[in-house]
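Side chains included, hydrogens not; waters and symmetry mates left out as well; all remaining heavy atoms used.
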Amino acid sequence: MTDPHVPESRWRTVAAAALVGGGLLLAGFVALRGLRGGGPAAGTDVSQVAFRDAAGNRRTLADFKGKVVLVDVWATWCPPCRKSLPEVAELQKAGGESYVVLPISVDQKGWGAVTPFLSQNPHLGLTAYVPDGASGLDPFGEIRGIPTTFIIDREGRVAKTWAGYGEGMAKRALEEALKGR
């Protein structure tokens, strides 16, 4: 029902603004849900997650038993992933005896996409990995979005996981896990 004193074009503008606003609210809700959850339940053993380095060497999360591990699942074409990579690289460089950071790219072309990306972004100083075949990341279960971050405890179990990028989230989660000796 329209007011005869208000031009029809004004009603259309108001209706369009309401639709856009509602869509933005829905998108925000979905993004927040994505940041909170997804992936395997805390305590799930994921030590058999398998990946390869640039030289082709196969590794599993079991190789890092005794250390806290941050796994960042990302892709070169993903804008939120690209936004998160400087933080991931900084954490990776700071790692040492107590923790390790493993950025694992899920690009379909594998090293064919990752190598040129890293060459074009040398400022990152990132050491990346790719899954060991189609089933390399299966212990993580379904990964519904990227980036997805997993914090793995010293025994190879999931301590925390979330999808999406929030500035400082990875650092805070890593610090929490390190305190939980």
Out of curiosity, [X] [atom1] to [Y] [atom2], how far, rounded to the nearest 0.5 Å?
| X | Y | atom1 | atom2 | answer |
| --- | --- | --- | --- | --- |
| R157 | I152 | CZ | CD1 | 10.5 Å |
| L61 | L102 | CG | CG | 6.5 Å |
| N57 | Y129 | CG | OH | 10.0 Å |
| D72 | I104 | CG | CD1 | 9.0 Å |
| I146 | W74 | CD1 | CH2 | 9.5 Å |

Minimal non-hydrogen separation, [X] against [Y], with atom names:
| X | Y | result |
| --- | --- | --- |
| L124 | A89 | O-CB, 3.2 Å |
| Y165 | S84 | CD1-CB, 3.2 Å |
| P131 | V106 | CG-CG1, 4.3 Å |
| T161 | P40 | CG2-O, 3.9 Å |
| A163 | T148 | CB-OG1, 3.7 Å |

Can you name the residues that form a side-chain contact (heavy atoms from CB on, under 4.5 Å) with [X], not counting sequence neighbours?
| X | answer |
| --- | --- |
| A62 | S47, Q48, T60 |
| A173 | I151, K160, W162 |
| K109 | A113 |

Is there a side-chain contact between [X] and [Y], using heavy atoms and a 4.5 Å cut-off?
| X | Y | value |
| --- | --- | --- |
| P139 | D45 | no |
| V73 | P147 | no |
| L91 | L70 | yes |

Check side-chain hydrogen bond (donor to acceptor under 3.5 Å, both in side chains) between [X] and all other residues, then give those that pass, not counting sequence neighbours.
| X | result |
| --- | --- |
| Q92 | none |
| S105 | D107 |
| D138 | none |

Which residues pass the salt bridge (Lys or Arg N to Asp or Glu O under 4.0 Å) test with [X], not counting sequence neighbours?
| X | answer |
| --- | --- |
| R52 | D132 |
| D63 | R59 |
| E155 | K65 |

For F64, ring-ring contact (aromatic ring centres under 6.0 Å, His included) partners two or more places apart: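 Result, ring-ring contact (aromatic ring centres under 6.0 Å, His included) vs F64: none returned.
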Which residues share a ring-ring contact (aromatic ring centres under 6.0 Å, His included) with Y99, sequence neighbours left out: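 If we apply the ring-ring contact (aromatic ring centres under 6.0 Å, His included) test to Y99, skipping adjacent residues, there are no hits.
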Test item: R58 side-chain N/O and F51 main-chain N/O as donor-acceptor pair under 3.5 Å: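 Judged by distance alone, no pair lies under 3.5 Å.
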Main-chain N/O of G168 paired to E87 side chain as donor or acceptor, under 3.5 Å: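 Side chain of E87 to backbone of G168: a pair is present.
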side-chain contact (heavy atoms from CB on, under 4.5 Å) between V49 and F140, worked out: CA-CA 7 Å; V49 164; F140 283 144; 3.7 Å; yes
Audit row: V88, L126, side-chain contact (heavy atoms from CB on, under 4.5 Å) steps and yes/no: CA-CA 8 Å; V88 170; L126 189 71; 4.1 Å; yes
Neighbour count above 12 (heavy atom, 6.0 Å) for K83 NZ: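 Open: at most 12 neighbouring heavy atoms sit under 6.0 Å from NZ of K83.
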K171, NZ atom: more than 12 neighbouring heavy atoms under 6.0 Å: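 No - once you tally the heavy atoms of other residues, nucleotides and ligands closer than 6.0 Å, there are 12 at most.
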Any pair counted as side-chain hydrogen bond (donor to acceptor under 3.5 Å, both in side chains), so long as it reaches residues 114-124, sequence neighbours left out: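 Residue pairs passing side-chain hydrogen bond (donor to acceptor under 3.5 Å, both in side chains), neighbours aside: none found.
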Validation row, ring centre W111 to ring centre F117 under 6.0 Å: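 No, the ring centres sit 6.0 Å or more apart.
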